[in-house]
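First up is the structure itself, then whatever we jot down about it.
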Amino acid sequence: MRWPWQKKTEDRQERRQLPAPDPQRHSSSGVRWRNGRPYSSEIEDSDAHRWAVRACRMLASDPKIAQASSRLRSAIESARWTVVPGGESEAAIRNAEYIRGALGLDGYSPRLLRGDWREQVRRMSGFAAIGYAVLEEIYYRASDGAVYLAELADIDPASVRDWVRDEGTGEIVGMRQRIDWGDAATDHYLPAHKGVVVTHGRVGDALEGVGILRRCAPWVDAKARLLEALTDGTDRWAIPVPIVRVDRAALESGGYTDDEQQTLIATAQDAAAAFAAGDVDYLTAPAGVDAEIYGGGTYSPAPVLAAIEHCNEEIAAAWDSTAQELGLSRSGARSVGEIHQEAWRALVVSCLDEIESAINGADRPFGGLVYRLIAVNFYNGASIPGDELPQVVHRGVEVDAIRDALGVLPSLVAGGLLTPDDQIERRVREVLGIAAPAPARSWQERRASVGSVGSTSDLRASEGGRPRQDEITPSSYDAEKGE
């Protein structure tokens, strides 16, 4: 017996069989170079489009946002990826091997991918700031008939006009893009089965999501107004204003005629103008004419700078990058810095999860890249059993515990809380860039060389100032582990 909802699901899957792979590109990057500068579309057709234009401007103009965005993107790009088979069947292993070769993962060289998988992740990594990133799947058919991914072509978010929905079901079926080059506009249509959209903070089927810059926008606007006030105040009050005072009674008592008085006043005015322009460092005043300075030394930008610094702190908090501020403008405890650092790492892992979710899973509008590649090559566009569908997963943000603990490592050894063995010594030498270690030593010998103050003299493998050339002898720990 089949329930009505089961039949409806089967009909939907039947309608969504994948068409033949299209090697042509249907979209545009949305950026053209004009007089050495990038020029993109700014058609104010939707709230999402207006927000994308504004977000791109913030990324290009605000140094604090650019720094936080660059740090987040670098962390996302540095993550390592692997392919996990959907099961243990022959088909599952075959599908996983194909994805490894197509994307260049797990030691495989990319078959026909332009660049490597890290380059494709780099193009997706900007989605967290704006809220979404749109990429078109460009395919390539090899001589043996197999279909491979050539690249994920990124699209300027500011050129996305709207999402096209099916009139009957309301499901997203494509994306319309308009590029305005100034003298002419071109329209592009990207089908939903030929693209990937990575969304940050997605709610329902709203592909625009909620980017991190949404939380930064009020503080960016406030900082812009404060910078204008700082500039106006500096122009008005930071430069002293010279004043020329004329004592006509003294000039008349001194026997100066009217023409001579005007000559003295003109001379004092020229001297004040030269001082204001920076041509001279002093003021000259003839008899009967006094030169003074109005407002000199009374202007202080400290309140405005403090308000700007507060805006920067709020922007850093929106990116979970408050740890960058500790030790720069103020002091902070190590434990506080570690808490902020963990929060930032959690943000990076969350972004990697969103990329992983976009490329894995069943075929759907602007999602399921792995599914489409497998279906086209091995299933003739038909549905794939779940236990045969591989997953491309990330390994998270790698944390180097040895590097983080290097500052306190000698104290731990001197206090007897850590036993230095060959494995730890080799790892520390790798971090410090020191030559290979000497033959294996006991922990008592290392403890004796460290001393009561936690010296690191045992890490200096030298004889007479020259590096040792002895071969590395595996320790008993390595032998037990089979290394």
Side-chain angles (χ1 to χ4, degrees), residues 15-32 38 40-53 55-56 113-114 119-127 130-141 147-181 184-200 202 204-209 211 354-355 357-373 375-376 381:
R15 291 196 306 270
R16 295 176 69 179
Q17 286 191 351
L18 294 175
D22 185 358
Q24 300 297 323
R25 181 168 181 175
H26 292 258
S27 64
S28 170
S29 65
V31 177
R32 176 181 290 179
S40 62
S41 168
E42 292 189 5
I43 305 174
E44 309 278 341
D45 280 347
S46 64
D47 293 338
H49 173 79
R50 285 192 293 270
W51 162 248
V53 172
C56 291
L113 190 64
R114 298 170 187 170
E119 169 64 20
Q120 315 309 313
V121 174
R122 183 194 65 80
R123 299 177 183 182
M124 292 185 276
S125 60
F127 77 100
I130 299 176
Y132 65 99
V134 184
L135 303 100
E136 181 178 354
E137 302 168 10
I138 309 298
Y139 299 110
Y140 182 87
R141 186 180 293 276
V147 177
Y148 292 92
L149 179 69
E151 68 171 324
L152 290 175
D154 51 344
I155 298 173
D156 182 11
S159 66
V160 176
R161 182 178 182 182
D162 57 8
W163 309 100
V164 182
R165 295 180 178 270
D166 185 89
E167 296 181 357
T169 63
E171 187 179 64
I172 295 177
V173 295
M175 179 271 293
R176 273 199 296 260
Q177 180 190 27
R178 176 175 295 178
I179 311 299
D180 185 4
W181 302 122
T186 57
D187 294 325
H188 302 275
Y189 175 77
L190 177 64
H193 65 268
K194 200 176 182 297
V196 173
V197 175
V198 188
T199 306
H200 183 71
R202 178 173 176 174
D205 63 350
L207 297 179
E208 296 88 357
E354 289 165 333
I355 294 178
S357 175
I359 62 178
N360 289 313
D363 172 46
R364 58 194 184 276
F366 293 108
L369 166 66
V370 174
Y371 186 102
R372 287 194 280 268
L373 286 172
V376 167

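Note that these values count all heavy atoms, side chains included, but never hydrogens, waters or copies made by symmetry. Count residues from 1 along the sequence.
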Practice item. Examine distances only and state if a side-chain atom of S357 and a backbone atom of E354 form a donor-acceptor pair shorter than 3.5 Å. Key: no
State, to 0.1 Å, how close [X] and [Y] come at their nearest heavy-atom pair, and which atoms those are.
X	Y	value
Y140	A150	CB-CB, 4.1 Å
L373	Y139	CD2-CE2, 3.7 Å
A55	I130	CB-CG1, 3.9 Å
A52	Y132	CB-OH, 3.9 Å
I172	L207	CD1-CD1, 3.7 Å
L113	L149	CD1-O, 3.4 Å

Review point. What pairs with T199 under side-chain hydrogen bond (donor to acceptor under 3.5 Å, both in side chains), at least two apart in sequence or on another chain?
Key: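 For T199 there are no side-chain hydrogen bond (donor to acceptor under 3.5 Å, both in side chains) partners, ignoring immediate neighbours.
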Exercise for review: Using side-chain hydrogen bond (donor to acceptor under 3.5 Å, both in side chains) as the criterion, list what pairs up with E151, not counting sequence neighbours.
Suggested key: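 Result, side-chain hydrogen bond (donor to acceptor under 3.5 Å, both in side chains) vs E151: R114, R123.
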Kindly compute the distance separating [atom1] ([X]) from [atom2] ([Y]), expressed to the nearest 0.5 Å.
X	Y	atom1	atom2	value
I155	Q177	CD1	CD	5.0 Å
Q120	L135	CD	CG	8.5 Å
R176	H188	CZ	NE2	13.5 Å
M175	E136	CE	CD	8.0 Å
Y148	R141	OH	CZ	11.5 Å

**Study point:** No-hydrogen, no-angle side-chain donor-acceptor test under 3.5 Å, T169 and D166
**Key:** yes
Point to revise | R372 and V147: CA distance, side-chain angles, deciding distance, side chain to side chain contact (heavy atoms under 4.5 Å, CB included) verdict | key: CA-CA 10 Å; R372 287 194 280 268; V147 177; over 6 Å; no
Check your understanding: Are any non-hydrogen side-chain atoms of W163 and E208 less than 4.5 angstrom apart?
Key ->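 SC-SC contact between W163 and E208 confirmed.
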Review point. Step by step, would you call V196 with E137 a side chain to side chain contact (heavy atoms under 4.5 Å, CB included)?
Key: CA-CA 7 Å; V196 173; E137 302 168 10; 3.2 Å; yes
